Amino acid sequence: SCGLYQALPIPHSHRVLSKIFAAAICQLVPIAVLLVMVAFFGGMIGYGFMSDLSGLLGDIGSGLKNTGASPMETAILLSADFLNLIFNQLAYGSVIFLAVTVYQLQPLEKHTNLRKILIVAAGWLGLRILEAVEWLFDALEVELPLLEAGADLLLQIVVLAVTFRLTVGMLEKHYQKG
């Protein structure tokens, strides 16, 4: 199947993108299923659920009002959070795919097991980097949600771009060797 995969007239970048998008969709599907289940069971329960949901939304809305955020800031923040969710899943899949690619391209020689352990550790560290902005803002006790959301989105995009480029480069180099 690897020969067939390589025979397809598709650049390595498209192959990597398809794997990253497939991983992101697989990670987002359970969230969507959960939302559908909540809506379905909420419809079955009826008004009681809807009043609880409106109470929850009211709490979120009053929490945003208490921060002094304008409606425009609130819309931007919610949009940035939605984009963060999507790019986080893409970056997460890209980091894992890079680690798997590096892991599988290791030559069969002495010290391979130690290298593979280090690759897994580096992959885990790469996933922790995706949480760096949130950790930094919490550690500094900074309450600037728009800045945090923007910085977090920028970090997700940078990690996605870097890991994507590294993976594509490694695969191109590997398959050029033959």
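Computation of the quantities below employed the complete heavy-atom set of this structure, encompassing side-chain atoms and omitting hydrogens, waters and symmetry-equivalent molecules. Please read all numbers here as calculations on a predicted model, not as lab measurements.
Residues Ser94 and Ile20 come closest through the heavy atom pair OG-CD1, 3.5 Å.
Side-chain contact between Arg15 and Leu171 is absent, with no heavy-atom pair separated by less than 4.5 Å. Looking only at side-chain heavy atoms (C-beta outward), Phe87 and Val159 stay at 4.5 Å or farther from each other. Using a 4.5 Å cut-off on side-chain heavy atoms (C-beta onward), Ile96 and Leu127 make contact.
Of the possible polar contacts, none joining the Gln89 side chain to the Ile25 backbone as a donor-acceptor pair under 3.5 Å is found. For the pair Asp152 (side chain) and Val133 (backbone), a donor-acceptor distance under 3.5 Å is absent. A distance-only check finds a donor-acceptor pair linking the side chain of Thr101 to the backbone of Phe97 [under 3.5 Å]. Here the side chain of Asn84 pairs a donor or acceptor atom with the backbone of Ala149 at under 3.5 angstrom.
Ionic pairing of Glu134 and Arg128 is not present here: no N-O contact between side-chain nitrogen and carboxylate oxygen is shorter than 4.0 angstrom.
The CG atom of Leu160 sits 12.0 Å away from the CD1 atom of Ile86 when rounded to the nearest 0.5 Å. Interatomic distance, CD of Glu131 versus CG of Asp138, reported as 11.0 Å (0.5 Å rounding). The distance from the NE2 atom of His14 to the CZ atom of Phe21 is 11.0 Å, given to the nearest 0.5 Å.
A continuous path of ILVMFWY side-chain contacts below 4.5 Å connects Leu130 to Trp135, so both sit in one hydrophobic cluster.
No more than 12 heavy atoms of other residues, nucleotides or ligands lie within 6.0 Å of OH in Tyr92, so this atom counts as exposed by the packing criterion.
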